[in-house]
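A short write-up of the structure that comes next.
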Amino acid sequence: MHVADYVWYITVGVLLALLAFDVFIIGRRPHEPSTRESATAIAFYVGLAVVFGLGVWLFSGGQYAGEFFAGWLTEYSLSVDNLFIFLIIMSRFGVPRKYQQTALLIGIILALVFRGVFIAVGAAAINQFSWIFYIFGAFLVYTAIHLARQGENDDDDFKENAVIRFAKKRLNATDEYNGVKLTIVKNGKRLVTPMAIVIIALGTTDLLFALDSIPAIYGLTQEPFLVFTANVFALMGLRQLYFLLGDLLKRLVYLSIGLSVVLAFIGVKLVLHAMHVNELPFVNGGHHIEWAPEIPIWFSLGFIIITLGITTVASLRKSRITKPADPADPPAEGGELDESTPVDSPNGTTAELDPKTQAELDSIREPEPHESDAKKS
């Protein structure tokens, strides 16, 4: 795929302009986006990615368009999983809702920076060493196994890494927020606010997810232009998606399992590709392994769509079945004593009741026959 320099410049310029608009215009004041604002932004960014993919199809053919859409869907799914971790971090540190927008924006920018660095490093490594696909494939298979062992997405899955623990232990921190500022001065001493710890947590999480996402996208396309644009489009609108979905993110309980299947598939695809272009002297004498198949992109795209679709449907069904009981439902045990409450002990004898309960029973006992006759007369 040949991409002229001016196309690179225009694409990067437009995407940076969109990002700057989101940062400096929409996100200039801390607030919680409304449902309409979030839905409009997500529809715009998703529509823009679809139009871009159709443009790739028009100018470069269906093969590269399929690579873009497969890469975009995979990266978008990984970003949503990343968003679930963001949700846990916000909850753990008690970030006020009106400040979460700013924290998310910083987290997304950090994700874009980290992925940009890894894209450049990955492209350089692929151009120099074809055997790097073996490493990418093995790493993705390892990641897939790790995700599968975690099972369902759960708040308990998040564990603070060494950087977060160091920051909380070594930095002079306070539990008091100072807007979206990272520090506050109290009693003449400058202290770090919880927002600074949150930013560190988001940044380190972004770094870990970039390690997964870049080998995954290179397993679907080796075109740096498509790798870059798929990642940028996958990060656009995540801030609004966070507020639009809200608790729905927690209902995607099988997302990690679905992603583990996708990553394992891409990992195997990378290993097969590495075998097909093998140059390692100790593998097949340094010759290509011709019997190793090259999985076509249409198959990869279909596999990813079907897997993610099944994952979403199964997650929503599971979360609907296991939803918590309605607070209005009567308790299983206890409650007030009424006429139907047994007062006999298990051995058949009358249980001893406290005076208050006995008085309640006496007041509701049926009248004796002579009492009824007296009332009638």
Apart from [X] itself, residues in the same hydrophobic cluster as defined by side-chain heavy atoms under 4.5 Å:
| X | result |
| --- | --- |
| Val185 | none |
| Val313 | none |
| Leu58 | Phe59 |

For this session: From the options Ile89, Ile106, Thr193, select the one residue that forms a side-chain contact (heavy atoms from CB on, under 4.5 Å) with Ile199.
Result: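 The residue from Ile89, Ile106, Thr193 that satisfies side-chain contact (heavy atoms from CB on, under 4.5 Å) with Ile199 turns out to be Ile106.
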For this session: Could you please spell out the steps behind the side-chain contact (heavy atoms from CB on, under 4.5 Å) verdict for Asp206 and Leu112?
Result: CA-CA 9 Å; Asp206 286 330; Leu112 184 61; over 6 Å; no
Nearest heavy-atom pair of [X] and [Y]: which atoms, and what distance?
| X | Y | answer |
| --- | --- | --- |
| Leu308 | Ser77 | CD1-OG, 2.9 Å |
| Ala65 | Gly53 | CB-O, 3.7 Å |
| Leu78 | Ala216 | CD1-CB, 4.4 Å |
| Ser79 | Leu235 | OG-CD2, 3.8 Å |

Note, [X] side chain near [Y] side chain (heavy atom, < 4.5 Å):
| X | Y | value |
| --- | --- | --- |
| Val56 | Thr229 | no |
| Thr183 | Lys181 | no |
| Val262 | Thr311 | no |
| Ile10 | Tyr6 | yes |
| Ile42 | Met236 | no |
| Leu241 | Val80 | yes |
| Tyr64 | Ile297 | no |
| Ser300 | Phe303 | no |

Cluster link [X] to [Y], ILVMFWY, side chain under 4.5 Å:
| X | Y | result |
| --- | --- | --- |
| Val113 | Val121 | no |
| Phe68 | Trp57 | no |
| Val141 | Ile257 | no |
| Leu15 | Val12 | yes |
| Ile135 | Phe118 | yes |

About how many Å separate [atom2] of [Y] and [atom1] of [X], when rounded to the nearest 0.5 Å?
| X | Y | atom1 | atom2 | value |
| --- | --- | --- | --- | --- |
| Tyr177 | Met195 | OH | CE | 6.0 Å |
| Leu140 | Thr143 | CG | OG1 | 6.0 Å |
| Leu301 | Trp72 | CG | CH2 | 11.0 Å |
| Leu263 | His146 | CG | NE2 | 11.5 Å |
| Ile214 | Phe139 | CD1 | CZ | 11.0 Å |
| Ile119 | Ile217 | CD1 | CD1 | 8.0 Å |

Short question: side chain of [X], backbone of [Y] - any donor-acceptor pair under 3.5 Å?
| X | Y | value |
| --- | --- | --- |
| Ser315 | Tyr254 | yes |
| Thr307 | Ile304 | no |
| Gln100 | Val95 | yes |
| Thr74 | Gly71 | no |

For this session: Using the side-chain contact (heavy atoms from CB on, under 4.5 Å) rule, take Ile295 and Phe265 through it: C-alpha gap first, then chi angles, then the decisive distance, then the call.
Result: CA-CA 10 Å; Ile295 300 177; Phe265 169 79; 4.0 Å; yes
For this session: Apply side-chain hydrogen bond (donor to acceptor under 3.5 Å, both in side chains) to Ser60 and list each qualifying residue two or more places apart in sequence or on a separate chain.
Result: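 For Ser60 there are no side-chain hydrogen bond (donor to acceptor under 3.5 Å, both in side chains) partners, ignoring immediate neighbours.
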Exercise. Applying salt bridge (charged side-chain N to carboxylate O under 4.0 Å, His left out), which residue pairs with at least one partner in residues 112-124 are found, sequence neighbours left out?
Worked result: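 Applying salt bridge (charged side-chain N to carboxylate O under 4.0 Å, His left out) to every pair that reaches into residues 112-124, excluding sequence neighbours, yields Glu75-Arg115.
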Exercise. Which salt bridge (charged side-chain N to carboxylate O under 4.0 Å, His left out) pairs, counting each pair once, include a residue from residues 296-305, with sequence neighbours left out?
Worked result: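 Every candidate salt bridge (charged side-chain N to carboxylate O under 4.0 Å, His left out) pair involving residues 296-305 fails, so no pair, neighbours aside, qualifies.
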Problem set entry | Ring geometry between Trp8 and Phe225 (parallel below 30°, tilted from 30 to 60°, perpendicular above 60°) |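 The rings of Phe225 and Trp8 stand perpendicular, inter-plane angle above 60°.
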Problem set entry | Aromatic ring pairing Phe136/Phe133, orientation class (parallel under 30°, perpendicular over 60°, tilted between) |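 Perpendicular, since the angle between the ring planes exceeds 60°.
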For this session: Would you check if the distance from the ring center of Tyr45 to the ring center of Phe233 is below 6.0 Å?
Result: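 No, they do not, as the ring centres are separated by 6.0 Å or more.
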Problem set entry | Residues Ile132, Tyr218; criterion side-chain contact (heavy atoms from CB on, under 4.5 Å); working and verdict | CA-CA 11 Å; Ile132 199 71; Tyr218 274 117; over 6 Å; no
Problem set entry | Worked verdict on Leu220 versus Glu67 for side-chain contact (heavy atoms from CB on, under 4.5 Å) | CA-CA 6 Å; Leu220 298 168; Glu67 292 180 4; 5.7 Å; no
